[in-house]
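Below, chains carry the letters A, B, ... as their sequence lines are ordered, and counting in each starts from 1. Everything numeric here is computed off the predicted structure, so don't read it as measured data.
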Protein chains: 2
Amino acid sequence: MCPPAMTLSTPVPLADHRACPVTDVLHRVGDRWSVIVIVLLGEKPFRFNELNRSIEGISQRMLTRTLRGLEHEGLVSRNVFPTNPPGVEYTLTALGESLLEPLSALTRWALEHHEELAAKP
Amino acid sequence: MCPPAMTLSTPVPLADHRACPVTDVLHRVGDRWSVIVIVLLGEKPFRFNELNRSIEGISQRMLTRTLRGLEHEGLVSRNVFPTNPPGVEYTLTALGESLLEPLSALTRWALEHHEELAAKP
DNA sequence: CGGGATCCTGGATGATACTG
DNA sequence: CAGTATCATCCAGGATCCCG
């Protein structure tokens with residue numbers, strides 16, 4: 001790696017994911033929840049429990065971890081409103097929104113071809 | 001999920017990955033090696049050990065498993081030549097090649113923005 | 001409401017050695 | 001050359017309880 005800017009085949013050290021931007025990004029976003037959160041936040045801002053309810057199957061713990069991770073990477077921003085009771089709103093950063101587009105390319109492919117993918121379980 | 005074909009926010013059951021094509025695809029391809037293999041095979045056919053040498057850090061075991069997985073999903077095809085010594089060549093299927101395009105969208109994003117991603121380790 | 005802390009499990013991955 | 005087999009390890013993820 002890494003394609004297509006770098007010449008492939010000509011070996012490039014990639015001991016860990018960070019050596020390759022593509023693999024790196026996939027590892028940050030390729031987990032079970034990140035993409036779902038990003039796409040949801042691409043629609044509108046969400047509150048914590050609002051997200052928790054919208055994403056079936058996610059645990060509080062993983063939602064917290066996912067949001068913290070995305071926030072830490074600069075894809076999501078966390079805005080606290082000192083109301084009563086306190087409210088926390090999550091939105092995409094500009095960087096996060098820019099990811100929406102390439103993600104939708106994958107989304108389209110998935111919707112168009114997922115039936116062709118053989119051997120589910 | 002699942003965007004954008006389905007209305008987001010309006011909860012859709014996604015107990016496991018298979019409930020959402022996008023998440024499903026990300027889970028099949030979002031592992032540590034699959035994308036690398038796919039992109040490499042997008043360039044030209046590869047032999048087993050050729051791949052093994054081209055992908056730094058991969059173990060024989062994981063290369064085997066990754067190839068088997070991709071083959072099983074119909075993204076990669078395995079062609080055996082009963083020569084001496086026997087040779088095995090891996091190529092992308094049509095489906096596999098079709099994945100190359102959306103993948104390159106992510107690739108471009110990664111190359112353009114990976115520096116903006118904060119907090120490596 | 002919006003989390004944090006703790007314990008635990010399975011699956012993904014690696015190292016090493018062996019084989020047709 | 002192209003794998004298989006075995007054992008060990010690591011970490012995402014779930015369950016549960018607690019807190020301001």
(request) Take atom CD1 of A/Ile55 and atom P of D/dG13, then tell me their distance rounded to the nearest Å. (result) 12 Å
(request) Find the distance B/Leu51:CG to D/dC1:C1' and express it as a whole number of Å. (result) 13 Å
(request) Mind calculating the distance between CD1 (A/Ile58) and P (D/dG14) to the nearest angstrom? (result) 7 Å
(message) Donor-acceptor pair, distance only, cut-off 3.5 Å: does the side chain of B/Ser59 make one with the backbone of B/Met62?
(response) yes
(request) Could you tell me whether A/Glu50 and A/Lys44 have a side-chain N and a carboxylate O separated by less than 4.0 Å? (result) yes
(request) Please report, rounded to the nearest Å, how far the P atom of D/dG3 is from the CZ atom of B/Arg53. (result) 14 Å
(request) Send over the distance from B/Phe81 CZ to D/dG3 P, rounded to a whole Å. (result) 13 Å
Each nucleotide N or O in nucleotides 2-5 of chain C that has a protein N or O under 3.5 Å away: list the pair and distance.
| residue | atom | partner | partner atom | Å |
| --- | --- | --- | --- | --- |
| C/dG2 | OP1 | A/Arg47 | NE | 2.7 |
| C/dG2 | OP1 | A/Arg47 | NH2 | 3.0 |
| C/dG2 | OP1 | A/Val88 | N | 3.3 |
| C/dG2 | OP2 | A/Asn49 | N | 3.2 |
| C/dG3 | OP1 | A/Arg68 | NH2 | 3.0 |
| C/dG3 | OP1 | A/Arg78 | NE | 3.2 |
| C/dG3 | OP1 | A/Arg78 | NH2 | 2.4 |
| C/dG3 | OP2 | A/Tyr90 | OH | 2.4 |
| C/dG3 | O3' | A/Arg68 | NH2 | 3.4 |
| C/dG3 | N7 | A/Gln60 | OE1 | 3.0 |
| C/dG3 | O6 | A/Gln60 | OE1 | 3.3 |
| C/dG4 | OP1 | A/Arg68 | NE | 3.4 |
| C/dG4 | OP1 | A/Arg68 | NH2 | 3.2 |

(message) Looking at B/Asn49 and B/Asn52, would you say the former's side chain and the latter's main chain have a donor-acceptor pair under 3.5 Å?
(response) no
(request) Locate the shortest heavy-atom distance separating B/Pro21 from A/His114; write the atom from each residue and the value. (result) CB-CG, 3.8 Å
(request) Please answer whether the main-chain N or O of B/Leu75 pairs with a side-chain N or O of B/Thr93 as donor and acceptor at a distance below 3.5 Å. (result) yes
(request) Have a look at the helix from C/dC1-D/dG20 to C/dG20-D/dC1 and give the angle its two end axes make, five pairs each, rounded to 10 degrees. (result) 50°
(request) Would you mind reporting whether A/Ile38 and A/Leu103 have side-chain heavy atoms less than 4.5 Å apart? (result) yes
(request) Mind calculating the distance between CZ (B/Arg32) and C1' (D/dA12) to the nearest angstrom? (result) 15 Å
(message) Check this for me: does any side-chain nitrogen of one of B/Arg108 and A/Glu101 sit under 4.0 Å from a carboxylate oxygen of the other?
(response) no
(request) Search all heavy atoms of A/Glu73 against all heavy atoms of A/Leu95 and return the closest pair with its distance. (result) O-CD2, 4.2 Å
(request) For the side chain of B/Asp31, starting at C-beta, report the closest nucleotide among C/dT13, D/dG13, C/dC1. (result) C/dT13
(message) What is the separation between atom CE on B/Met62 and atom C1' on D/dC10, rounded to the nearest whole Å?
(response) 13 Å
(message) Keeping A/Trp109 on the side-chain end and B/Ser98 on the backbone end, is there a donor-acceptor pair under 3.5 Å?
(response) yes
(request) Round to a whole Å and report the spacing from CG of A/Leu63 to P of C/dC1. (result) 14 Å
